[in-house]
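Below is one structure, written out as structure tokens; the observations come after it.
Per chain, numbering begins at 1; letters A, B, ... match sequence-line order. Hydrogens, waters and symmetry mates are skipped; everything else that's a heavy atom, side chains included, is used. Keep in mind it's a predicted model, so treat the numbers as computed, not measured.
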Amino acid sequence: MPSPLLLETHNLTKTYPGIEPVTAVDHISFSVREGEFLSIVGESGSGKSTLMNLLGLLDSPTEGQLNYHGQDISHWSEGERSLFRNQEIGFIFQAHMLLPEFNALENVLMPPRIGRSLGPETVERAKHLLTRIGLEKRMHHMPGELSGGQNQRVAIARALINNPRIVFADEPTGALDHKTSRDVYELMREINQENNVTFIIVTHEQGFAKKTDRTITLLDGRMISDQVTHPTP
Amino acid sequence: MTLAPELFIAIRYTLANMKQSLMIAFAVGLGVAIIIFIPSVNLSFFGYFLEKTVENSAHIKVTRELETMERNIQALTRHLTSGSPENDDPHIIFSDQTLTRKRNIKAYRQLMKQIRGVTGVLEVSPYINEQIIVSHGSQIRGGSIQGIVPEMEKNIRQLEEDIAVGNIDNMGSSDVFIGWRLADELGVRLGNRIQLVTSEGRKSYKVAGLINTGIYQKDLDTIYISLKSAQQLLNMSNEITGINIRLQDIYAAPKISDVIHQTFHLKTRNWMEDNEVILDQIGMFRVIIAFISFLIVFAAASSITSVLIMVVASKSKEIGILKAMGLPPGSIMRLFVFQAICLSILGATAGVFGGMGLIELYNATPYSKAESFLGIGRQPVEINLEYTYYAIIYAMLSSFLASLFPAWHASRLDPVKAINS
Ligand SMILES: Nc1ncnc2c1ncn2[C@@H]1O[C@H](COP(=O)(O)OP(=O)(O)O)[C@@H](O)[C@H]1O
Ligand SMILES: [Mg+2]
């Protein structure tokens with residue numbers, strides 16, 4: 001029995017207005033099931049980030065539909081979208097996306113703080129996550145005192161703290177060296193398998209895309225292929 | 001309960017960006033210090049002057065003055081406007097203003113009781129006031145006698161403060177207390193006798209005490225005498241010149257004066273009329289201070305706005321991340337408003353201490369000519385609480401208003417653009 005449907009899009013489109021309007025995402029329709037480990041590839045400017053931002057409710061489509069758990073989210077208020085992002089979605093951006101005034105543990109605890117669910121259990125969970133990603137000795141360090149790879153690990157822990165259904169990672173290793181990048185990917189893969197968290201990872205590194213279960217390729221905002229590389233067990 | 005996330009973040013931003021925070025706090029603090037310091041010094045000065053005046057004189061004096069002047073004015077006005085003098089117009093009265101008996105109050109005990117019953121009146125005290133001639137040996141001077149009942153008059157004003165030598169409670173029927181300058185001019189000492197001369201005759205009294213009010217004219221002409229002796233000297237039997245009144249609330253003086261005038265048809269004069277000039281000065285000063293405060297607050301507020309606009313610009317990426325993590329726009333807005341309020345609390349606290357420091361410094365400097373001229377000497381300036389509250393409220397309110405635009409701007413940032421910035 002296949003896992004339940006998490007999200008689906010119908011002709012999802014984003015056009016930036018201007019003298020020469022740019023259609024960054026062009027009538028994309030696809031669906032994602034819970035627990036998938038999926039990559040989006042494509043050349044620079046092909047619309048990967050725009051698609052991620054649409055899926056992550058950071059941006060609104062100009063056309064088409066986006067459903068989560070079968071619900072059309074286009075009528076959601078800003079408050080509902082904020083709550084959904086806080087509870088159901090984790091984001092991992094390129095490097096340097098921690099809040100510099102807060103230490104590693106405080107950064108990880110920011111989503112539960114925002115969601116008003118901060119408590120002894122969440123603190124324990126954050127410490128556990130930081131230990132899990134090998135930063136038990138760096139919990140009280142400020143982002144500036146951590147390496148790029150360590151920063152990105154903290155960002156992963158932060159994306160996972162609220163037990164999201166789905167994590168969006170936009171070129172999460174774009175600023176990291178090869179070895180560190182591999183570690184970060186392996187970490188995401190392990191968490192995907194351990195907790196059945198859905199991951200959608202934007203990358204231009206073919207090697208990593210191949211290791212994911214499914215790869216979507218974009219070209220000029222259009223989906224040109226949707227390949228299942230490793231069928232989900 | 002944990003702190004609201006926006007408050008937690010606001011406090012951290014304030015503490016982590018100390019340089020910026022201190023810049024704003026300094027602007028706010030300077031404003032607060034000035035708004036506290038200037039009124040503290042000036043109003044203290046006016047305040048001491050008024051207090052001394054008010055404490056040393058009756059709040060209201062009730063007299064029964066000749067109404068000829070008023071009647072004449074009315075008669076003249078009617079005559080000039082109607083042009084028909086033959087109606088039952090009162091004729092213009094030419095009277096001798098020195099006919100003092102016409103101004104006396106009879107049956108004063110009953111009247112005093114009634115005035116004392118007026119709401120707001122604390123104490124009443126009868127007095128006789130008359131210009132007379134004082135002589136000692138070959139020296140002759142003018143004087144102003146004040147017939148009083150010391151134990152009653154003490155309820156009205158701080159009588160003892162003006163007594164340099166002698167005990168006014170023991171003032172006998174043939175004793176007088178005179179201004180020290182008058183004593184000096186006459187060349188009399190304690191225990192000497194002086195002559196008081198009136199149109200009714202002359203009598204001899206013993207100088208039992210000296211008066212020192214610090215006010216030149218008063219020290220030169222004041223003569224205290226018991227009410228009874230004054231009545232005898234002036235042949236006034238059971239009459240008095242007026243009644244001194246002490247009030248519960250000194251600022252109710254005009255209202256209570258009106259009530260007394262309406263009820264008893266007596267002439268009143270209150271301390272506020274006597275000190276109109278200084279009260280006007282204080283009123284004017286308050287307007288000026290309000291204006292200066294507005295300018296200061298405006299300057300501080302615009303510095304808060306511009307610094308916060310900078311803060312929002314430099315933090316736009318983090319605002320984007322916070323939004324991505326689900327912090328709603330309302331909370332983002334509150335974050336920066338809270339930050340401004342944190343800064344204004346910091347600034348106001350610094351400003352209150354700064355204002356207190358300035359006052360200390362002022363108190364440590366030698367005193368000015370104006371103070372010695374007015375005879376009040378240097379009184380230590382105290383912090384003016386009213387303006388301290390104003391300054392704190394101004395600081396908080398203006399910081400709040402000043403933060404609204406930058407905070408609103410932050411809340412409206414597009415998270416995608418902010419993250420990519
Ligand atoms: N805010 C914007 N305004 C106008 N055009 C934009 C904006 N953001 C992205 N684009 C354009 O949309 C296209 C897709 O961009 P993006 O999604 O960032 O691509 P990728 O992430 O694949 O590099 C590009 O041509 C880019 O120039
Ligand atoms: Mg991109």
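Applying the 6.0 Å contact sphere to CD of B:Gln20 captures more than 12 heavy atoms from other residues, nucleotides or ligands. At most 12 non-hydrogen atoms from other residues, nucleotides or ligands lie less than 6.0 angstrom from CG of A:Asp220. Taking a 6.0 Å sphere around NE2 of A:His69, one finds it holds more than 12 heavy atoms contributed by other residues, nucleotides or ligands. When the shell of 6.0 Å around CD of A:Glu145 is examined, it contains more than 12 heavy atoms from other residues, nucleotides or ligands. Counting heavy atoms of neighbouring residues, nucleotides and ligands inside a 6.0 Å radius, atom CZ of B:Phe400 does not exceed 12 of them. Heavy atoms of other residues, nucleotides or ligands lying less than 6.0 angstrom from OH of B:Tyr390 number 12 at most. More than 12 heavy atoms of other shown residues, nucleotides or ligands fall within 6.0 angstrom of atom OH in A:Tyr16. The number of heavy atoms from other shown groups lying within 6.0 Å of NE2 (A:His10) is above 12.
Looking only at heavy-atom pairs under 4.5 Å with chain B, the residue among A:Glu106, A:Arg158, A:Arg81, A:Glu101 that has the most is A:Glu101. Interface remark: of the candidates B:Ala324, B:Pro329, B:Pro328, B:Gly320, B:Ala324 forms the most heavy-atom pairs closer than 4.5 Å to chain A.
In this structure, CD1 in A:Ile114 is found 5.5 Å from CD1 in B:Ile9, a value given to the nearest 0.5 Å. Atom-to-atom distance recorded for A:Asn53:CG and B:Lys417:NZ is 12.0 Å, nearest 0.5 angstrom. Residue A:Leu99 holds its CG atom at 5.5 Å from OH of B:Tyr13, rounded to the nearest 0.5 Å.
In this structure the side chain of B:Leu322 reaches within 4.5 angstrom of the side chain of A:Met110, judged on heavy atoms. Put simply, the side chain of A:Met97 does not reach to within 4.5 Å of the side chain of B:Glu318, judged on heavy atoms.
Salt-bridge check for A:Glu78 with B:Lys323: failed, with every basic side-chain N at 4.0 Å or more from each acidic carboxylate O.
In this structure, the portions of A:Phe102 lying under 4.5 Å from any heavy atom of chain B include both its backbone and its side chain. With a 4.5 angstrom heavy-atom cutoff, B:Ile321 touches chain A only via side-chain atoms. With a threshold of 4.5 angstrom between heavy atoms, B:Asp414 approaches chain A through side-chain atoms but not through N, CA, C or O.
In this structure a side-chain-to-backbone donor-acceptor pair under 3.5 Å is present from A:Asn86 to B:Met325.
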